[in-house]
Amino acid sequence: MATELHIYNSLTRKKETFRPLNPPFTGLYVCGPTVYGDAHLGHARPAVTFDLVFRYLRHLGYKVRYVRNITDVGHLESDADEGEDKIAKKARIEQLEPMEVVQYYSDRYHADMEKMHVLKPSIEPRASGHIIEQIEMVKAILEAGFAYEINGSVYFDVQKYNQQFHYGKLSGRSVEEMLSSTRDLDGQEEKRHPADFALWKKATPAHIMRWPSPWGEGFPGWHLECSAMSARYLGETFDIHGGGMDLLFPHHECEIAQSNATFGKDSAQYWMHNNMITIEGQKMGKSLGNFITLREFFNGNHQKLERAFHPLTIRFFILQAHYRSTLDFSNEALEAAEKGLKRLWQAMDTLNNLPAGNASDTDVASLADKCYAALNDDFNSPVTLSYLFDTIRTINAVKDGHESLTQESIDNLKQVFKTFVIDIFGLGEPENGPSDNDQELINGLMSILLDIRQQARKNKDWDTADKLRDSLQKLNITVKDGKDGASWEITK
RNA sequence: GGUCUCGUGGCCGAGUGGCUAGGCGGUGGUCUGCAAAACCAUUUACAGCGGUUCGAAUCCGCUCGAGACCUCCA
């Protein structure tokens with residue numbers, strides 16, 4: 001049973017015991033979104049994955065500084081010189097100021113994240129706010145001799161770097177391979193080597209987002225921002241760097257190179273990569289155009305969606321798979337997730353009203369240990385959930401009088417469920433219903449209606465009873481007849 | 001073409017040398033005026049072929065299939 005946290009490190013390709021550099025402080029950096037469109041399901045994966053990491057580390061007592069950037073500049077359409085900045089392109093199309101685009105989509109991103117119970121990071125820096133840091137880093141790399149300037153742009157000299165360091169250590173590639181396999185792209189004649197990448201790009205006259213620099217007006221390269229901002233807020237070396245698997249190469253490989261070129265050492269100890277979400281067996285991504293935005297999931301407004309799904313269903317769906325596995329989207333899978341989540345919520349409800357017995361038939365004390373062991377094993381959320389679901393069977397058995405639990409056991413379970421479901425998994429049932437006053441009123445009215453219906457049922461006046469039930473159903477209120485009278489629930 | 005990952009029951013998904021996660025669906029049942037909901041029980045599996053082993057879904061090899069990265073992508 002793992003009592004210490006183990007993390008799969010992409011850099012070493014194995015699970016390692018987590019040992020922060022300066023406990024209890026822990027630094028976590030995750031590559032955030034480029035805000036030029038609404039976030040889609042794929043974006044939810046790293047957000048939820050690293051939200052779990054953030055929550056769990058905090059739960060374990062670490063003082064976590066979680067930095068997740070917003071890319072608002074420097075992210076080119078292609079790596080070639082002629083590439084257009086994604087933000088600027090969107091701004092041009094929509095006739096907006098680039099920062100207007102950034103603000104608009106950042107706000108929407110935040111709203112989506114909040115609905116999915118993704119906690120805000122400790123710091124959410126924007127690339128455009130750290131131009132100075134990036135210029136300083138370019139200077140340092142130039143001084144160290146690992147970059148060259150040409151026509152107002154600065155490129156990282158991969159070959160030279162590779163003589164002293166290992167370019168490709170993260171992605172398992174060699175520079176020689178890259179030479180032979182790199183495709184020919186237009187506009188690369190400036191580079192000395194196809195694998196070289198831009199640290200600073202000269203702005204063409206048409207380029208809107210530009211800043212002065214020692215090399216003339218331009219803008220920073222995409223890979224640079226994460227290196228500069230992580231160093232700024234977490235130091236030259238820090239604990240965990242996360243992101244999607246598709247960023248492993250070249251983005252993270254370049255980050256490692258930049259850090260080594262600047263500071264002579266790797267930035268992050270542990271590299272974590274979440275796997276992709278697929279749709280019909282293929283990666284869901286911007287370039288393939290097969291993505292469904294989170295908003296579309298929330299309102300059901302997409303051709304491929306049979307209906308809307310609650311934000312927390314999306315969250316549960318993601319947590320039900322291990323973060324390093326691909327996860328295939330389908331309506332059926334989401335419906336299954338929705339029902340599973342409901343079962344979880346219902347059990348927690350049941351737990352609050354469970355009658356205590358004199359003895360416990362089932363040992364529930366080990367539940368917490370098992371859950372911790374699963375999470376300590378590289379954040380294995382699906383196994384943790386399976387333990388909780390096993391326990392739900394016991395909870396229901398107690399409710400039905402088939403088994404019994406002592407008050408102590410029940411309190412223990414309440415604590416464990418709260419800890420894991422709400423605190424760590426962030427799956428607390430939302431109370432987005434009416435305010436307390438309104439709720440009291442509704443409860444009172446419902447109680448009157450159900451009384452009337454009960455009376456009708458007693459009189460075998462099925463017409464009245466069913467009419468009441470059907471009318472309430474139209475208001476999305478489901479009446480459930482049970483042994484001890486009827487209960488109701490607002491569905492939707 | 002290169003690098004890598006993966007192929008688990010109707011579906012989604014864990015596990016990873018022996019003790020058959022879990023969810024959803026299906027089926028049977030409890031409850032019920034009926035229904036719904038809920039609950040209980042139950043069902044089928046490890047792509048194929050070889051090898052290692054007392055024993056493999058789990059290790060090795062091959063075959064077939066899928067995907068990711070190599071270009072922007074979470």
Task: Check: Thr464(A) side chain, Ala456(A) main-chain N or O, donor-acceptor pair, under 3.5 Å - done: no
TODO: Could you tell me the separation between the CG atom of Asp461(A) and the C1' atom of C34(B), rounded to a whole number of Å?
DONE: 14 Å
Open item on the list: As a quick check of understanding, evaluate ring pair (Phe, Tyr, Trp, His ring centres under 6.0 Å) for Phe219(A) and His207(A), giving each step before the final call.
Closed with: CA-CA 9 Å; Phe219(A) 55 94; His207(A) 205 97; 4.1 Å; yes
Open item on the list: If you only use heavy atoms from C-beta on, which nucleotide in C69(B), A74(B), A38(B) is closest to the side chain of Phe249(A)?
Closed with: C69(B)
Open item on the list: Whether the side chain of Asn459(A) and the base of G33(B) hold a donor-acceptor pair under 3.5 Å is what I'd like checked.
Closed with: no
TODO: Take atom P in U20(B) and the same atom in U42(B), then report the distance between them in whole Å.
DONE: 13 Å
Open item on the list: Tell me whether the side-chain N or O atoms of Asn396(A) pair up with the base of A38(B) as donor and acceptor below 3.5 Å, since no angle test is needed here.
Closed with: no
Task: Atom-pair distance (CD on Glu253(A); P on U3(B)), nearest Å - done: 16 Å
TODO: Look at atom NZ of Lys467(A) and say whether more than 12 heavy atoms of other residues, nucleotides or ligands are closer to it than 6.0 Å.
DONE: no
TODO: Send over the distance from Arg393(A) CZ to C24(B) C1', rounded to a whole Å.
DONE: 13 Å
- [ ] Quick one: label His40(A) by what it contacts on the DNA or RNA (base, sugar-phosphate, nothing), any heavy atom closer than 4.0 Å.
- [x] base
Open item on the list: Give me the distance, rounded to whole Å, that separates C12(B) from G48(B) when you measure between the C1' atoms they each carry.
Closed with: 24 Å
Task: hbond_proxy Asp246(A) side chain to C70(B) base (donor-acceptor, 3.5 Å cutoff) - done: no
TODO: Measure from the side-chain heavy atoms of Arg45(A) and tell me the nearest of A74(B), C70(B), A38(B).
DONE: A74(B)
TODO: Compare the minimum distances between each of A74(B), G25(B), G33(B) and the side chain of Arg453(A), then state the nucleotide with the smallest one.
DONE: G33(B)
Open item on the list: Would you say that Asp51(A) contacts His117(A) through its side chain, given a criterion of any heavy-atom pair below 4.5 Å between the two side chains?
Closed with: no
- [ ] Measure from the side-chain heavy atoms of Asp390(A) and tell me the nearest of G22(B), C70(B), C24(B).
- [x] G22(B)
Open item on the list: Once you apply a heavy-atom cut-off of 4.0 Å, does Met245(A) come out as touching a base, just sugar-phosphate, or nothing?
Closed with: nothing
Task: Backbone N/O of Val158(A) and side chain of Asp196(A): donor-acceptor pair under 3.5 Å - done: yes
TODO: Mind telling me whether His223(A) and His251(A) have parallel, tilted or perpendicular rings, with 30° and 60° as the class edges?
DONE: tilted
- [ ] Specify the residue among Gly281(A) and Arg457(A) whose closest nucleotide of RNA chain B lies further upstream toward the 5′ end.
- [x] Arg457(A)
Open item on the list: Within the structure provided, determine whether Val479(A) and Arg453(A) are in side-chain contact (heavy-atom separation under 4.5 Å).
Closed with: yes
TODO: Please name the residue in the list Phe50(A), Phe54(A), Tyr56(A) that meets the ring pair (Phe, Tyr, Trp, His ring centres under 6.0 Å) test with Tyr66(A).
DONE: Phe54(A)
Task: Whole-Å distance separating the CG atom of Leu388(A) from the P atom of A14(B) - done: 16 Å
- [ ] May I ask you to verify if any side-chain N or O of Lys458(A) is less than 4.0 angstrom from the OP1 or OP2 atom of G33(B)?
- [x] no
Open item on the list: Rounded to whole Å, how long is the line connecting atom CZ of Arg173(A) with atom P of A68(B)?
Closed with: 14 Å
Task: Distance between C1' atoms of G50(B) and C64(B) (Å, rounded) - done: 14 Å
Open item on the list: From the set G25(B), A74(B), G15(B), return the single nucleotide nearest to any side-chain atom of Asn380(A).
Closed with: G15(B)
Task: From C72(B), G33(B), A36(B), nucleotide with atom closest to Asp466(A) side chain - done: G33(B)
TODO: Classify the nucleic acid contact of Glu338(A) as base, sugar-phosphate or nothing, counting any heavy atom under 4.0 Å across all strands shown.
DONE: nothing
- [ ] Check whether any side-chain nitrogen or oxygen of Lys399(A) sits under 4.0 Å from OP1 or OP2 of C39(B), and answer yes or no.
- [x] no
Task: Dot-bracket encoding per residue of RNA chain B, Watson-Crick/G-U cut-off under 3.5 Å, | denoting interstrand - done: (((((((..(((.....[...))).(((((.......)))))....(((((..]....))))))))))))....
Open item on the list: Is it the case that the side chain of Asp349(A) and the backbone of Trp345(A) share a donor-acceptor pair, with hydrogens and angles ignored and the cut-off at 3.5 Å?
Closed with: no
Task: C1'-based separation of C4(B) from C46(B) [nearest Å] - done: 23 Å
- [ ] Quote, to the nearest angstrom, the P distance that separates G9(B) from C49(B).
- [x] 16 Å
Task: Geometric class of the His241(A)/His252(A) ring pair [parallel <30°, tilted 30-60°, perpendicular >60°] - done: perpendicular
- [ ] Using the C1' atom on both, measure C31(B) against G18(B) and round to a whole Å.
- [x] 42 Å
Open item on the list: Could you tell me how far G61(B) sits from C6(B) if I compare only their P atoms? Round to whole Å.
Closed with: 13 Å
- [ ] Decide ring pair (Phe, Tyr, Trp, His ring centres under 6.0 Å) for Tyr29(A) and Tyr233(A); before the verdict, give the C-alpha distance in whole Å, the side-chain angles of both, and the deciding distance to 0.1 Å.
- [x] CA-CA 9 Å; Tyr29(A) 187 94; Tyr233(A) 296 111; 9.0 Å; no
Task: Separation of C34(B) C1' from Asp463(A) CG (nearest whole Å) - done: 12 Å
TODO: Go through C40(B), C69(B), A35(B) for me and flag the one nearest to the Arg469(A) side chain.
DONE: A35(B)
Task: Gap in Å between the two C1' atoms, one belonging to C59(B) and one to G15(B), rounded - done: 16 Å
TODO: Quick one, give me the B/S/- string for nucleotides 5-13 of chain B, reading 5' to 3', where B means a protein heavy atom under 4.0 Å from the base and S means that only happens at the primed atoms, P, OP1 or OP2.
DONE: ------SSS
Task: Which atom of His322(A) lies closest to which atom of Phe379(A), heavy atoms considered - done: CD2-O, 3.7 Å
Open item on the list: Here's a test of your reading of the structure: between Asp400(A) and Leu341(A), which maps to the more 5' nucleotide of RNA chain B?
Closed with: Leu341(A)
Open item on the list: Could you tell me how far apart Lys460(A) (NZ) and C34(B) (P) are, to the nearest whole angstrom?
Closed with: 10 Å
TODO: Can you tell me the distance, in whole Å, between the CD atom of Gln473(A) and the P atom of A36(B)?
DONE: 12 Å
Task: Aromatic ring of Phe389(A) stacked on base six-ring of G23(B), 5.5 Å, 30° - done: no
